[in-house]
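The block underneath contains the structure these notes are about, expressed in structure tokens.
What you see is a predicted model, and the numbers here were worked out from it, not measured in a lab.
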Amino acid sequence: MDIRTAAFFIAIGIFLAVLAWIAVRAYRRAQSSSGKDWDHLLKRLAAVDRASIAEVALDIIDETGQRRRDEGSAILDSGQIWKLLGGLEGLEVLEANCAVLIDLAFYVQRWYPEALVVAERLRASAREIEWHVERLKGAQKTGKLESAFSMYAQPAVATYYVMTRQVLALYAQGNLAMLADLEKAL
């Protein structure tokens, strides 16, 4: 065997070793990300007052998520919204829960591939909520939080409310046994 052939086999061996290392690393990464079992996901959801969320959201949207245009809509003022949500801290809890809602959609994707579409919709909604919360943090720095609260907080809550309904609908469509646990948690 000449030197060129030996070098070729060594290069092939190195290539296969690197390929095996990449495969093992990808497998471990997949195992750790799929290790987010159901209980862990539900524990990550921070407790929120669902009745208050619904009250604030349904003041400006209907059950389907469409903007309300009737004369009984948008009657809550900033003070009422602040009290129902627990202020800016309450909105930050909702913002953190958005990541869990996205993970819940990805979790169900293992058995229900159509969940990818819902997960992407949830990701866009989470960015919208993040935008609203950032506006409120900016208003807090300038001392205008009270006047900006209803303008940004209420749409953020409405978006969060719709996100929770989308996740519940996804689990219902998939006819998954975890739906009952999810309904309790959300």
Side-chain angles (χ1 to χ4, degrees), residues 21-67 81 84-138 140 149 152-186:
W21 178 76
I22 290 171
V24 167
R25 189 169 170 216
Y27 177 75
R28 285 185 182 166
R29 190 176 291 174
Q31 289 297 332
S32 69
S33 70
S34 68
K36 295 179 182 177
D37 66 336
W38 181 250
D39 292 330
H40 178 73
L41 283 171
L42 290 183
K43 286 178 185 174
R44 284 183 43 215
L45 272 174
V48 295
D49 183 354
R50 292 182 287 186
S52 295
I53 298 297
E55 184 177 344
V56 172
L58 295 175
D59 185 48
I60 61 170
I61 62 171
D62 61 19
E63 285 289 334
T64 65
Q66 298 299 316
R67 191 124 181 103
I81 296 170
L84 287 167
L85 296 180
L88 188 55
E89 294 81 21
L91 276 176
E92 290 171 337
V93 168
L94 297 184
E95 183 180 21
N97 276 353
C98 287
V100 182
L101 293 175
I102 294 166
D103 288 345
L104 284 166
F106 278 119
Y107 181 82
V108 77
Q109 186 182 358
R110 297 173 187 172
W111 309 281
Y112 193 60
E114 292 81 1
L116 179 62
V117 174
V118 175
E120 290 306 318
R121 231 182 284 140
L122 292 173
R123 193 182 306 272
S125 295
R127 280 193 292 267
E128 180 183 336
I129 291 172
E130 183 181 317
W131 183 85
H132 286 297
V133 171
E134 288 301 318
R135 294 300 165 269
L136 288 169
K137 287 178 181 177
Q140 183 180 33
F149 198 75
Y152 294 111
Q154 197 166 22
V157 172
T159 301
Y160 178 81
Y161 178 82
V162 170
M163 287 176 72
T164 61
R165 301 298 134 222
Q166 289 172 335
V167 171
L168 288 170
L170 175 65
Y171 277 73
Q173 284 174 346
N175 199 22
L176 300 171
M178 292 102 59
L179 179 61
D181 292 336
L182 188 59
E183 286 174 332
K184 290 176 191 172
L186 290 178

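For Y160 (side chain) and A57 (main-chain N/O), no donor-acceptor pair under 3.5 Å exists by modelled atom type. Side chain of R50 to backbone of K184: a donor-acceptor contact under 3.5 angstrom is found.
Note that the CD atom of Q140 and the CZ atom of R135 stand 14.5 Å from one another [nearest 0.5 Å]. The NZ atom of K137 lies 8.5 Å from the CD atom of E130; values are rounded to the nearest 0.5 Å. Taking CG of L186 as the start and CD1 of I53 as the end, the distance is 11.0 Å to the nearest 0.5 Å. In this structure, CE in M163 is found 9.5 Å from CD in E128, a value given to the nearest 0.5 Å. Going from atom CG of L101 over to atom CG of L170 covers 11.0 Å, rounded to the nearest 0.5 Å. Here N97 contributes atom CG and D103 contributes atom CG; the two are 11.0 Å apart, rounded to the nearest 0.5 Å.
The aromatic rings of Y171 and W38 lie tilted to each other, with the angle between the two planes from 30° to 60°.
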- Can you check side chain to side chain contact (heavy atoms under 4.5 Å, CB included) on F106 and R123, steps first, answer last? CA-CA 11 Å; F106 278 119; R123 193 182 306 272; 2.8 Å; yes
- Item | side chain to side chain contact (heavy atoms under 4.5 Å, CB included) between L85 and V48, intermediate numbers included | CA-CA 9 Å; L85 296 180; V48 295; over 6 Å; no
- Would L168 and R165 count as a side chain to side chain contact (heavy atoms under 4.5 Å, CB included) if you check the C-alpha gap in whole Å, the side-chain angles of each, and the deciding distance to 0.1 Å? CA-CA 5 Å; L168 288 170; R165 301 298 134 222; 3.0 Å; yes
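In this view, A156 and L91, I129, H132 satisfy the side chain to side chain contact (heavy atoms under 4.5 Å, CB included) rule, not counting sequence neighbours. For E63, the side chain to side chain donor-acceptor pair (under 3.5 Å) criterion is met by Y161, not counting sequence neighbours. Residues satisfying the side chain to side chain donor-acceptor pair (under 3.5 Å) criterion with Q109, sequence neighbours excluded, are absent altogether. Considering only residues two or more places apart in sequence or on other chains, D181 meets the side chain to side chain donor-acceptor pair (under 3.5 Å) condition with none of them. Scored by the side chain to side chain donor-acceptor pair (under 3.5 Å) test, S125 finds no partners at all (sequence neighbours excluded).
Nearest heavy atom pair, residue A185 against residue L45, reads CB-CD1, 3.9 Å. Summarising the geometry of A126 relative to I102, their closest heavy-atom pair is CB-CD1, 3.8 Å, with the distance given to 0.1 Å.
Summarising the local packing, NZ of K43 is surrounded by 12 or fewer heavy atoms from other residues, nucleotides or ligands at distances under 6.0 Å.
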Listed pairs under 3.5 Å, donor-acceptor, residues 112-122 side chains, sequence neighbours left out:
none

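Within the 4.5 Å cutoff, the side chain of L179 has heavy atoms near those of the E183 side chain.
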